[in-house]
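The chains referred to below are lettered A, B, ... by the order of the sequence lines, with proteins before strands, and numbering in each begins at 1. All values derive from a computational prediction rather than experimental measurement.
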Amino acid sequence: MSPEHWTRPSRPDEQTRNGTASGPAATSAVPTREQVIAGLRATSEGGADLVQLLTPEGQRVSHPDFDIEVTDEQLRGMYRDMVLVRRADREGNALQRQGQLGIWVPLLGQEAAQIGAGRAMRPQDMAFPSYREHGVAWCRGVDPTELLGIFRGTDHGSWDPNTTGMGLYTIVIGNQCLNAAGYAMGQRFEGRVGNTGGDSADNEATMTFFGDGATSQGDVHEGMVWAAVYDAPVVFFCQNNQWAISEPTERQTRVPLYERARGYGFPGIRVDGNDVLASLAVTRWALDECRHGNGPVLIEAFTYRMDAHTTSDDASRYRLDDDLEAWKLKDPIERLRVHLVREQIADQEFLDSVDAEADELAQRFRDFCVNMPEPPPERMFSEVYAEESPVVAAQRQDYLQYLDGFADSAAGGVH
Amino acid sequence: MAAPTMENPTSTSTPSQTLTIAKALNTAMRSAMERDPKVLVMGEDVGKLGGVFRVTDGLQKDFGEQRVLDTPLAESGIIGTAIGLAIRGFRPVCEIQFDGFIFPGFDQIVSQLAKMHFRSQGKVKVPVVIRVPFGGGIGAVEHHSESPESLFAHVGGLKVVSCSNPADAYWMLQQAIECDDPVLFFEPKRRYWEKAELDPTIEPAPLFTSKVQRTGSAVTLATYGPMVRTCLDAAKAAEEEGRDLEIVDLRSLSPLDLDPVFDSVRRTGRLVVVSESPPESSVTSEVATRVQQECFYSLEAPVLRVNGFDTPYPPSKLEDGFLPDLDRVLEAVDRSLAY
Ligand SMILES: Cc1ncc(C[n+]2csc(CCOP(=O)(O)OP(=O)(O)O)c2C)c(N)n1
Ligand SMILES: [Mg+2]
């Protein structure tokens with residue numbers, strides 16, 4: 001059985017018609033692990049099922065369903081986006097190494113997927129991220145410095161989801177997919193979907209971000225069921241970076257993830273997640289489908305986690321460098337840079353100016369981080385409820401009084 | 001040669017050694033797996049990586065992928081399939097990566113795991129162990145520092161234990177695996193790397209018992225898990241001020257074994273219960289209630305508690321305020337003595 005066969009297991013009656021089987025299939029009908037892996041990676045080098053508009057060599061190619069018109073300025077803009085978020089990301093890693101952050105979650109390698117998806121969104125849309133979505137946050141207008149509190153331990157997320165259209169980072173795997181489905185149901189219930197004519201510009205959509213590992217969670221499955229049943233305008237944007245900490249994708253699935261959409265009754269598309277143009281094109285189409293009332297849509301952005309899972313992780317314990325080397329050749333920023341230069345869309349001066357801007361951002365990011373104020377102890381008790389709880393209020397008072405006791409005894413010591 | 005058993009542990013372990021709680025847990029699983037081919041280890045990243053805390057380090061290499069399972073990423077799946085495996089005769093040891101990630105599995109734990117034996121009128125046993133690294137103090141992001149043990153102690157049909165030192169980690173985990181009931185096994189993650197002597201020839205206490213960790217006469221402290229170390233440190237500081245604290249390590253949170261606490265309180269007349277968990281409707285509430293029922297005439301002061309707060313766990317820069325520490329324990333001791 002060919003590996004490709006396993007990306008589309010046939011029905012028993014098809015097998016019978018082909019004369020290959022009658023009665024129960026032989027045990028060889030179960031794929032070996034190697035066949036599963038080959039099937040999951042069948043598009044690694046491109047192929048019909050992978051939407052790609054910019055090859056790893058920076059060659060612009062066309063696609064019958066997902067071509068896109070972008071201006072030179074937009075191309076330069078996305079290059080700048082990717083360089084800046086990568087620079088902030090690397091600075092985050094460095095700050096953790098220097099003890100300024102408790103942990104950092106790198107996005108390295110996933111810039112194109114996130115910038116492509118993020119730039120496809122409109123201000124009125126809503127994003128429900130997981131925890132690695134620094135590029136999406138950037139596109140939603142959340143300044144990178146606003147991410148720092150989570151990783152320095154001063155807050156659980158400092159931006160306002162209502163004004164930015166960017167939900168808070170979600171660490172419990174998969175939770176946000178159901179929340180996104182519900183939010184999208186609300187968009188539909190409020191008549192913000194499928195309007196035509198003058199109102200169509202106000203149509204809305206929701207997008208939720210999650211990983212390959214997350215696809216095993218019940219919440220993700222349920223999110224897709226709900227979205228389908230309520231025709232909710234939500235794009236399920238799965239960044240398949242090939243790893244869930246130490247577990248490769250074949251620990252989660254037999255078939256490529258985008259193919260699961262068929263089972264829920266909506267389209268699923270695999271896009272080259274290291275190609276910012278393709279990511280933009282596919283996501284723009286998917287969001288438009290949702291806004292027109294044709295949601296939901298699943299997008300699998302095929303990419304690679306180039307760094308460890310987090311700064312606490314040691315990836316050398318479970319994966320080989322060979323894969324990493326192969327994926328380096330598909331770097332999302334490099335391929336766009338080559339394209340911009342070759343097509344004379346950007347000159348050296350532009351590239352240098354982006355680098356200079358990245359240096360400034362890194363400096364600002366670092367300065368902000370090291371100067372962040374410690375949160376006051378009463379913050380623990382603040383905003384636990386919308387309507388204050390007498391229990392928490394009493395605990396707050398007791399605790400502050402307890403702290404005052406120390407201040408008094410310290411003062412006492414001076415006498 | 002007779003198969004090694006827990007009663008005959010020296011055949012699988014080297015004599016007395018110094019090891020961490022993490023290593024003790026690892027050794028315990030290894031011993032249990034060597035003794036009983038039905039013992040499985042399953043969870044996220046427990047195989048090749050050896051778990052994010054390395055507690056299952058080396059087990060997959062030595063026992064293979066059919067006994068140490070890197071599962072798909074879903075806690076409901078881990079626990080639900082462990083239940084099925086247990087019905088089939090296996091003894092799964094599930095690892096939940098962090099306390100805050102047990103909740104996708106809560107339904108399976110409460111609806112099936114806890115009730116199976118009762119519903120089947122004892123015909124179906126589900127000897128599943130769920131290991132949960134719990135508690136704060138490691139400077140982590142959200143959902144990595146919680147103390148959800150009381151939620152499980154509240155459920156009939158589940159047993160809930162927590163170890164506080166390497167020797168208990170070693171013995172209690174093996175006992176939990178041998179137990180025919182489901183056991184939630186809470187591990188004090190911030191103490192994983194604390195070392196102590198383990199003499200495997202010393203007979204362990206039964207699993208569902210508490211233990212006096214330090215004798216004293218002034219005030220009784222009842223605690224468990226990561227707070228045992230905090231209370232021992234507090235006792236040392238109190239000793240320098242001439243106060244002798246007695247410490248009972250509860251170890252078993254459900255069923256509670258409170259006789260040693262009652263005995264102690266009858267001597268000291270004073271009790272402070274210490275835990276990281278939020279106080280409302282918690283294990284500490286239960287201990288306080290039962291002690292005032294059983295020891296009312298011996299009490300010289302109301303039972304006091306030192307807990308976290310009834311709030312979500314705070315960002316890590318604030319966790320030192322949330323977590324009971326030596327000062328907060330001693331302040332409660334002072335208040336108890338002042339009555
Ligand atoms: C419910 C839950 N279980 C376990 C974890 C621990 N954990 C954090 S990230 C992760 C792997 C996630 O993999 P994937 O969904 O592929 O996302 P990626 O990290 O690769 O972006 C795990 C198991 C968690 N955060 N939440
Ligand atoms: Mg992943």
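Judged by distance alone, with hydrogens and angles left aside, the side-chain atoms of A:Gln252 form no donor-acceptor pair with the main-chain N or O of B:Pro72 at under 3.5 Å.
In this structure, chain B has no heavy atom under 4.5 Å from any part of A:Ala315. If you measure heavy-atom distances from B:Phe322 to chain A, the contacts under 4.5 Å come from both the backbone and the side chain. Residue A:Tyr402 touches chain B through its side chain alone, counting heavy-atom pairs closer than 4.5 Å. Both the backbone and the side chain of A:Arg152 come within contact range of chain B, each with at least one heavy atom under 4.5 Å from a heavy atom of that chain. Only the side chain of A:Tyr399 comes within less than 4.5 Å of a heavy atom of chain B; its backbone N, CA, C and O stay farther away. For A:Val172, the parts lying near chain B are the backbone and the side chain together; criterion is any non-hydrogen pair under 4.5 Å. For B:Pro279, the part lying near chain A is the side chain, with the backbone staying farther off; criterion is any non-hydrogen pair under 4.5 Å. For A:Gln217, the parts sitting under 4.5 Å from any heavy atom of chain B are the backbone and the side chain alike. In this structure, the portions of B:Glu142 lying under 4.5 Å from any heavy atom of chain A include both its backbone and its side chain. Both the backbone and the side chain of A:Ile245 come within less than 4.5 Å of a heavy atom in chain B.
Within 6.0 Å of CD in A:Glu378 there are more than 12 heavy atoms belonging to other residues, nucleotides or ligands. Environment of NE2 in B:His154: sparse, with no more than 12 heavy atoms of neighbouring residues, nucleotides or ligands closer than 6.0 Å.
Salt bridge absent: A:Arg251 and B:Glu44 never bring a charged side-chain N and a carboxylate O closer than 4.0 Å.
Heavy atoms only, all atoms of each residue included: B:Lys48 and A:Tyr318 are closest at NZ-O, 3.9 Å. Closest of all the heavy-atom pairs between B:Leu49 and A:Asp314 is CD1-O, 4.4 Å. Closest approach of A:Ile171 and B:His144 over heavy atoms only: CG2-CE1, 3.7 Å. Of all the heavy atoms in B:Leu73 and A:Ala214, the pair that sits closest is CD1-N, 4.1 Å.
Contact residues of residues 54-61 of chain B toward chain A are B:Arg54, B:Asp57 (heavy-atom distance under 4.5 Å). Proximity to chain A among residues 310-320 of chain B is limited to B:Asp310, B:Thr311, B:Pro312, B:Tyr313, B:Pro314, B:Pro315, B:Ser316, B:Lys317, B:Leu318, judged by heavy-atom separations below 4.5 angstrom.
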